[in-house]
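Input: a single structure, listed below in structure tokens.
Reckoned from all heavy atoms, side chains included, excluding hydrogens, waters and symmetry mates.
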Amino acid sequence: MQYAMLIYEAPEAFESRKKRENDPYIGAWRAYHKALVEAGIYAGSDPLQPPETATTVQVKDGRRQVQDGPFANTKEQLGGFTVLECPSLDVALEWAARCPAAACGTVEVRPLAPEVRQRVTG
């Protein structure tokens with residue numbers, strides 16, 4: 001089963017991405033990524049640009065509305081995602097607890113829905 005880990009980070013975590021290579025947070029992410037790959041459960045991931053680079057689109061009454069910035073105005077913002085191939089939710093949760101962002105942000109674990117993708121893509 002595949003699970004998405006949605007990584008929510010505080011502004012400080014986004015700021016650390018701009019720092020030099022020896023930043024402890026980035027080092028923790030490197031070690032975590034290596035552990036996921038070595039465990040054979042890594043299926044993909046990508047970080048996101050900071051929240052202020054987001055653009056939100058909605059259609060109301062048939063008209064497109066565009067707004068700069070993220071949809072939610074919260075302290076923590078979606079910083080990226082990782083997809084894991086795990087035998088169970090419990091295993092995915094164990095890996096989520098090891099994620100560097102779990103100590104300073106929030107990690108949401110959600111099963112992917114391949115059956116919905118199949119219905120949508122035909």
Side-chain angles (χ1 to χ4, degrees):
M1 179 85 170
Q2 287 192 326
Y3 297 90
M5 290 193 326
L6 304 174
I7 314 299
Y8 293 91
E9 297 176 298
E12 300 79 29
F14 285 99
E15 194 59 35
S16 75
R17 296 178 186 182
K18 299 176 186 175
K19 295 181 183 173
R20 300 189 58 102
E21 296 295 313
N22 59 358
D23 181 78
Y25 188 63
I26 299 299
W29 270 104
R30 283 192 184 116
Y32 182 66
H33 174 77
K34 182 179 178 186
L36 292 172
V37 171
E38 289 175 352
I41 62 169
Y42 178 80
S45 66
D46 260 313
L48 299 173
Q49 292 289 335
E52 59 270 13
T53 66
T55 304
T56 304
V57 178
Q58 293 181 318
V59 176
K60 292 187 179 181
D61 299 323
R63 298 184 65 185
R64 181 181 80 168
Q65 297 179 354
V66 179
Q67 176 182 328
D68 290 340
F71 178 70
N73 187 15
T74 62
K75 180 180 176 192
E76 293 178 345
Q77 292 288 336
L78 183 62
F81 64 91
T82 299
V83 178
L84 304 178
E85 180 79 42
C86 296
S88 70
L89 176 60
D90 287 337
V91 172
L93 293 174
E94 288 176 21
W95 281 98
R98 294 174 60 181
C99 177
C104 60
T106 303
V107 179
E108 177 182 344
V109 177
R110 192 181 303 182
L112 298 187
E115 67 283 354
V116 175
R117 179 180 58 224
Q118 181 61 35
R119 287 197 325 258
V120 170
T121 62

In chain order, what residues pass the side chain to side chain donor-acceptor pair (under 3.5 Å) check against E85, with sequence neighbours excluded?
Q2

Going only through I, L, V, M, F, W and Y residues with side-chain contacts under 4.5 Å, is there a path from Y32 to I7?
yes

With sequence neighbours excluded, residues passing side chain to side chain donor-acceptor pair (under 3.5 Å) with W29
Y25

Looking at CZ of R30 and CG of D23, how far apart are the two atoms once the value is rounded to the nearest 0.5 Å?
9.0 Å

With sequence neighbours left out, write down each residue that passes side chain to side chain donor-acceptor pair (under 3.5 Å) with R110, or none if nothing qualifies.
E108

Could you pull out every donor-acceptor pair under 3.5 Å between side chains of residues 90-101 and any protein atom, sequence neighbours left out?
none

Is there a chain of hydrophobic side chains (I, L, V, M, F, W, Y, each step under 4.5 Å between heavy atoms) that links V83 to I41?
no

Nearest atoms (heavy-atom pairs only) where C104 meets A10:
O-CB, 4.3 Å

Of all heavy-atom pairs between Y3 and L89, which one has the smallest distance, and what is that distance?
OH-N, 3.0 Å

Show the atom names and distances, to 0.1 Å, of all donor-acceptor pairs under 3.5 Å that link a side chain in residues 112-122 to residues at least two apart or in another chain.
residue, atom, partner, partner atom, Å
T121, OG1, R117, O, 2.8

Among residues at least two apart in sequence or on other chains, which ones pass side chain to side chain contact (heavy atoms under 4.5 Å, CB included) with V66?
T55, V57, R64

